[in-house]
Amino acid sequence: MLPLHTHDDSKAFTRRWLGRPLARWIVLGLVLITGLWLLAPVNLAFVSPLQDVPSTTTLRPPILDESLLWNQRAAHVRESYLHGYNEYLKYASGHDEVLPLSKGWKDNFNGWGVSMIDSMDTMWIMGLRDEFDNAVRVASQQNFTTVSSTYAPFFETVIRYLGGLLSAHALSGEAILLDRANDLGNRMLPVFDTPSGLPRFSVNTATGQTALGWTGNAVLFSEATSCQVEYKYLAHVTGRSEYYDKVENIMDKMYHANVSDGLFTTRWDAADASPMNNHFSVGASADSGYEYLLKQYLISGKTEPRAKDQYLASTNGIINKLLYISPHRKLLYVTDVASGRPIYDLQHLSCFLPGLFALGVHALDLSPRDKELHTWVAQGLAYTCWLTYADQATGLGPDGVQFDEQSRLWVDALAEWERGGREGGAPPGVSEVPEEHAADKRDYRVSSSVYLLRPETVESLFLMWKTTRDVRWRERGWAIYEALEKHTRVEHGYAIIRNVDQVPAETSDDMPSFFLAETLKYLYLLFAETDIIPLDKWVFNTEAHPLPIFTWSPTEQEQHNAMS
Ligand code: DMJ
């Protein structure tokens, strides 16, 4: 048997080796290679910050198998989904949402189990087949009728339930899910029985009676124009043109409305489809209306040119009228404008917009000028939305911020930069400034400090990553995921927090269904290495439910053209 080396033995062994000329050359060579490797730019980033490596991007040692790392990260998100969903099943099964602190439940969306139906496609995408099969069994028993005097809110029921069922059907092929979607879509049709065809706020799905909501006779732009993707897909798969006619009539009214700059006010009169106020926004009351212009064009296999033309006109209006740049940090943001005056706010809800612009650049054949502009908007806005997270003590983003009134219209700053010969490389609002932890140096104050587990920023990060392949968007998503785990995960699910700039975070007793349906789905898809939902084959509804792109048959197209 060979004797084991002692400490002294090994010293003598080393001396003997280095005494040989060949060994000396080998050692020298290895030292040289290591030295060169350490000086490589990728490694320098860990020693001294390079200018083009923003401090807000998580730096970590390079790893050999990037794919493995990202798939592991996706697996973490799947575990998070299971934690949230299992706690929902344990304490709120059959109800809409779990109350994660008190182990209670609430029925805020008709009591049909929205957390389950809203996230069936998440289960499918994550490969959770047992959970999915159980959900199909439950959904197949659901008759989607409201009890006597209650009304289903049309917009929320469409985006969460109808969108959820259709997507789960499209992904899995389960016929019963289409049957249930068709039944629900049909039960909601009475909402369109208004003089203009703009939908009423809610409907009793047992009796067909409809009701006004908190806005009275006014219909919100987002609520009137965020049912088209779902109903048109339903028309396509069932062959029922009535579904198409009802929702295209609304678009027809909007295409012919007397609006300036391609922008739609937030309130519309159900009597004659005329604008009722002078408030413009891409946030609350408007958001998905703009989103669905592009998405109707894409889901119809680019066979609805009116939707694309309106998208281009509207994005032009957004660029010219709603984009502002902050005075010191030069942050690009999108504000509401009321009676011609900017409000200087940025809502979390508006942070879907950079992702929409990125999708437009990716999917449309834009003119060179539009391509350049839309790319800048996507980058600048996505970065600002991310910074509103990175600036805070928790690393999570507030529901609303109020910018400094010294902000300027972005197009003015842009024109100045172009007149000056495009000095400095990046246009104003597009360079990436560092995060800022001092509240008085941010160029904005937090106006709504809660984080409601909303998806819009991670949705945009997902689309930025998919359309640019710039890994920094992915890394930022990971930083948000880590913050979510640290500050919102509780024993019985995930809980919204009261103040994003306060650590330890104080949680509140709510876990909205869109956390399972959207936030975790977008994070999972951002990290998963496989392109599970390719953007040229699927279109996400505004609740993150992917629906397949289709084309209208020539006869259908003829019928549609006759309508327009
Ligand atoms: C979701 O229900 C949808 O994304 C909707 O379009 C806007 N608001 C919530 C999430 O914040």
Side-chain angles (χ1 to χ4, degrees), residues 84 96-97 106 108-110 112 114-122 152-167 199 201-202 213 219-231 264 266 281-296 299 334 336 346-356 359 385 388-389 396-401 448 450-463 480 484 488 494-497 500 508 510-523 525 539-547:
D96 284 337
E97 291 174 352
K106 68 176 178 184
N108 45 340
F109 292 107
N110 320 329
W112 300 334
V114 76
S115 292
M116 189 194 79
I117 293 187
D118 207 6
S119 73
M120 285 175 75
D121 53 359
T122 309
F154 175 64
F155 164 75
E156 299 290 355
T157 305
V158 167
I159 67 169
R160 299 184 196 224
Y161 284 104
L162 188 58
L165 288 167
L166 288 172
S167 181
F201 178 76
S202 59
V219 183
L220 298 178
F221 175 65
S222 57
E223 304 212 343
T225 55
S226 304
C227 51
Q228 283 70 13
V229 165
E230 297 80 358
Y231 269 99
F264 296 93
T266 55
S281 176
V282 297
S285 311
D287 46 10
S288 40
Y290 292 108
E291 177 184 350
Y292 274 25
L293 294 174
L294 176 62
K295 292 188 170 178
Q296 282 172 84
I299 199 166
V334 58
D336 281 20
L346 171 65
Q347 302 173 28
H348 193 292
L349 284 172
S350 305
C351 282
F352 79 97
L353 193 67
L356 184 71
L359 181 64
C385 287
T388 64
Y389 278 61
L396 295 169
D399 211 45
V401 302
S448 175
V450 289
Y451 173 60
L452 300 176
L453 297 171
R454 284 196 196 277
E456 291 77 16
T457 296
V458 295
E459 170 183 350
S460 282
L461 294 180
F462 160 72
L463 287 163
I480 292 176
L484 272 170
T488 70
Y494 288 80
I496 63 174
I497 62 171
V500 288
S508 273
D510 254 316
M511 187 178 91
S513 78
F514 52 67
F515 178 65
L516 301 177
E518 299 191 70
T519 311
L520 292 181
K521 183 189 289 146
Y522 280 128
L523 283 168
L525 290 172
V539 169
F540 289 89
N541 90 335
T542 191
E543 186 79 0
H545 297 307
L547 297 172

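Counting starts at 1 for both ligands and their atoms, following the listed order. As the structure is a computational prediction, the values presented were derived from the model and not from experiment.
Nearest to atom 6 (O) of ligand 1 among the protein's heavy atoms is Thr542 OG1, 2.7 Å. Looking from atom 10 (C) of ligand 1 to the surrounding protein, the closest heavy atom is Glu456 OE2, 3.2 Å. Scanning all protein heavy atoms for the shortest distance to atom 2 (O) of ligand 1 gives Glu543 OE1, 2.6 Å.
Residue-to-ligand polar distances keep Ser288 apart from ligand 1: every N/O pair is separated by 3.5 Å or more. Ligand 1 has a nitrogen or oxygen under 3.5 angstrom from a nitrogen or oxygen of Glu518.
The Leu349 neighbourhood of ligand 1 comprises atoms 7 (C), 8 (N), 11 (O), with distances under 4.0 Å to a heavy atom of that residue. Those atoms of ligand 1 that come under 4.0 Å of a heavy atom in Arg160, given as number and element, are 2 (O). Listed by number with element, the atoms of ligand 1 under 4.0 angstrom from any heavy atom of Phe514 are 2 (O), 9 (C), 10 (C).
Aromatic ring orientation, Tyr451 versus Tyr389: perpendicular (interplanar angle above 60°, classes split at 30° and 60°). Aromatic ring orientation, Phe540 versus Tyr522: tilted (interplanar angle from 30° to 60°).
Put simply, the side chain of Lys295 never gets that close to the backbone of Val229: no donor and acceptor are under 3.5 Å apart. Side-chain atoms of Glu230 never come within 3.5 Å of backbone atoms of Gly163 as a donor-acceptor pair (strictly under, hydrogens ignored). In this structure, Gln228 contributes its side chain and Ala224 its backbone to a donor-acceptor pair below 3.5 Å. Although no hydrogens or angles enter the test, the distance criterion places a donor-acceptor pair under 3.5 Å between the side chain of Asp96 and the main chain of Val114.
Heavy-atom separations between His348 and ligand 1 are all 4.0 Å or longer. For the pair Glu459 and ligand 1, no heavy-atom separation below 4.0 Å is found.
Contact annotation: for Ser222 versus ligand 1, there are no heavy atoms closer than 4.0 Å.
In plain terms, the two heavy atoms of Ala495 and Leu453 that are nearest each other are C-CD1, 4.0 Å. Across Thr488 and Leu484, no two heavy atoms sit closer than the pair OG1-O, 2.6 Å.
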